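A short worksheet on the structure shown next.
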Amino acid sequence: MKTFSLLKAALSQDMNLFKYSAKRNSSKLTKILFPIMIFILVCFSIGTYAYMIAEKLAPFNLTYIMVSMFIMIVTLMTFIEGIYKSQGILFESKDNDLLFSLPIKKYQILFIRIFKLLLFQYIYNLMFLLPAFAIFIYFEKPGINFYLISLLMTLLIPIIPTVISSFIGYIIKLLSSKFKSKKIVQTLLSSIIFLGIFYFSMNLENFIQDIASKATGINNMLTSIYYPLGLYINLINGFNLLDLLKLLLVNIIPFILFIVIGSKVYFKIIFNSKENNCKKNNKKSLVLKRKPIISLVRKELKKYYSSPVYMFNTSFGLLLSVILSIYLCFKGSIVFDEILVQYGIQNSISFPVLFYFFILFVTSMTSITSSSISLEGKTINITKSLPINEELILKSKILTCYIIELPFIVFSDIIFFIKFKPNLFYLILIILIGLISILLIACIGLIINLKYPKMNATNDTEVVKQSMSSMISVFIGIGIFVGSILFIVFLGDYINIDILLILHISLITIISIILYYFLMKNGTKEYKKINV
């Protein structure tokens, strides 16, 4: 009964995948239909790809391979997201002190946290699995066995990757707790693991291409990598009680073991990771007078570097840019040659132009401000009570973006300039696109976060990964990059590429200036309205 009450309390908040702060005068119908429409739109897009694959496989009675591929994709997504989601949900929830003070068993708290993590994965997974199952049903017209086994498999899919990723999250947390700068070390370890997965995925694609001539070869590879997938395929093609028992046990036993064993060290790892604020407060320190903007920026940076999920989610693209730049030192133009040949444009675009759009891509995918206001939580009232105008607060958030992003961008630029030695025209353009696009994305993130603040989240993961402002900012960033590419592609046959780049950067600059002044005028009013 106690576990049920805890579950009810934990799931009563932030369990809507597309939850956003709607205005009071918004109708209940709008609040319900909006997330449903988004869910249907995503399902339709995924279903289109599933249909294209199944259409090729159906004549050979191999449609089930399409289902295998989608299950494997969902499993990988669950594993990758679980590595950094576990940091916020399992170890850094804001209600840790409250729960640990109650007469609740350790395994119950860990079970609640894992269950909440799993439930989010179920919602995400359904957007991929429902279209795949629907397309399979359309082509194959299976019997009742498929429906029952697929329903069971849907419930089991996230368990193993969530357990493994949570264990990795535990190892990261344990190692980072040994250092003084725990949060930074934790983020670096997460980034290293994620980059390792990314590198493996890139090489795995080449391996798949070698055997992709036969669809059955792909299926054999997938089932050999992920044992439960092979059991599922066997069950939908022909029911076998032994395979069913294996499928249940191979998922349930690791879950139970993780809860039992993990609960014994769960409290210890959380307590060890806490900062010893008492010792810091007892130390005498010299108080220096600083300008308000400097103090505000320091506050923003402190919050940024104290949240691993915030750092990891916004710095991965920046780290990737540095890694690619270092890779350029050894491989040179071969890196770009492979990309250009892959898309059949090796003779129509130069390396500086390609790098110009690479910098735009990195900055467009790095939206720090889309969560910066929501992450203030209840402390926003303290900030608002200070003798500082709201315009200065918003400026400090934009300046923080430059402090965080510019070192990565400048380093990447310098490596490229040394290696490829572009002329002065492209050198200036590449520098300008980095400076201007940071401003553009920072303004967009703030405007959206002011429109859809999420001030009552129980942990940073809910703000960074599950808020409306973060989701919209990601889509807008993608839209800016894709729109810029289309702008060059469609007009490239009529206008010189150099003139197009000047027009492009001019347009980005004008939009950035307009958004900045809009933010300074209207954003301050929206900031004042936020109450917790």
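Reckoned from all heavy atoms, side chains included, excluding hydrogens, waters and symmetry mates. Numbering starts at 1 and runs along the sequence shown. This one's a predicted model, so the numbers in the text were calculated from it and none came from an experiment.
The closest side-chain heavy-atom distance from Leu247 to Met153 is below 4.5 Å. Using a 4.5 Å heavy-atom cutoff, the side chains of Ile480 and Ile444 are in contact. Residues Asn125 and Thr154 have side chains not in contact (no heavy-atom distance under 4.5 Å, counting atoms from C-beta outward). Annotation: side chain of Val74 is not in contact with side chain of Phe70 (no heavy-atom distance under 4.5 Å). Residues Tyr304 and Ile368 have side chains in contact (heavy-atom distance under 4.5 Å, counting atoms from C-beta outward). Using a 4.5 Å cut-off on side-chain heavy atoms (C-beta onward), Phe139 and Tyr51 make contact. Residues Ser370 and Ile448 fail the side-chain proximity criterion, which asks for heavy atoms closer than 4.5 Å. Side-chain contact between Phe408 and Thr363 is absent, with no heavy atoms from C-beta onward closer than 4.5 Å.
To the nearest 0.5 Å, atoms CG (Leu446) and CD1 (Ile441) are separated by 11.5 Å. Rounded to the nearest 0.5 Å, atoms CG (Leu319) and CG (Leu324) are 12.5 Å apart. Note: Tyr452 OH to Ser470 OG = 13.5 Å, rounded to the nearest 0.5 Å. Here CG of Leu57 is found 12.0 Å from CE of Met52. Values are rounded to the nearest 0.5 Å. A distance of 8.5 Å separates OG in Ser467 from CG in Leu375, rounded to the nearest 0.5 Å. Distance check: Ile46 CD1 to Leu41 CG gives 10.0 Å after rounding to the nearest 0.5 Å.
No donor-acceptor pair closer than 3.5 Å links the side chain of Thr75 to the backbone N or O of Ile157. Side chain of Asp243 to backbone of Phe239: no donor-acceptor contact under 3.5 angstrom is found. Remark: the backbone N or O of Ser150 is not paired with any side-chain donor or acceptor of Tyr232 at under 3.5 angstrom. Judged by distance alone, with hydrogens and angles left aside, the side-chain atoms of Asn449 form a donor-acceptor pair with the main-chain N or O of Ser374 at under 3.5 Å.
Nearest heavy atoms, Cys401 versus Ala442: SG-CB, 3.9 Å. Taking each heavy atom of Ser367 and Gly445 in turn, the nearest pair found is OG-CA, 4.2 Å. Counting all heavy atoms, side chain and backbone alike, Ser68 lies closest to Ile233 at OG-CD1, 3.0 Å. Nearest heavy-atom pair across Pro158 and Gln121 is CB-CB, 3.9 Å.
A side-chain donor from one of Thr63 and Glu140 sits under 3.5 Å from a side-chain acceptor of the other. Judged by distance alone, the side chains of Tyr310 and Ser315 never bring a donor and an acceptor atom under 3.5 Å apart. Between the side chains of Ser372 and Thr369, not a single donor N or O lies within less than 3.5 Å of an accepting N or O.
In the displayed structure, Lys302 atom NZ is contacted under 6.0 Å by at most 12 heavy atoms of other residues, nucleotides or ligands. For Tyr138, the OH atom counts as loosely surrounded, since its 6.0 Å shell holds 12 or fewer non-hydrogen atoms of other residues, nucleotides or ligands. At most 12 non-hydrogen atoms from other residues, nucleotides or ligands lie less than 6.0 angstrom from OH of Tyr49.
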*Please lay out, stage by stage, how Tyr227 and Ile160 fare under the test side-chain contact (heavy atoms from CB on, under 4.5 Å).*
CA-CA 11 Å; Tyr227 180 66; Ile160 291 179; over 6 Å; no
*Are Leu354 and Phe358 close enough, and set up right, to give a side-chain contact (heavy atoms from CB on, under 4.5 Å), and what steps lead you there?*
CA-CA 6 Å; Leu354 193 63; Phe358 172 72; over 6 Å; no
*Would Leu320 and Val362 satisfy side-chain contact (heavy atoms from CB on, under 4.5 Å), going step by step from the backbone distance to the final call?*
CA-CA 8 Å; Leu320 194 62; Val362 170; over 6 Å; no
_Test log, rule side-chain contact (heavy atoms from CB on, under 4.5 Å), inputs Leu318 and Val322_ = CA-CA 7 Å; Leu318 299 173; Val322 171; over 6 Å; no
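For the side-chain contact (heavy atoms from CB on, under 4.5 Å) with Lys246, the lone residue among Leu248, Leu242, Leu244 that qualifies is Leu242. Among Tyr147, Phe146, Tyr64, the single residue meeting the ring pair (Phe, Tyr, Trp, His ring centres under 6.0 Å) criterion with Phe136 is Phe146.
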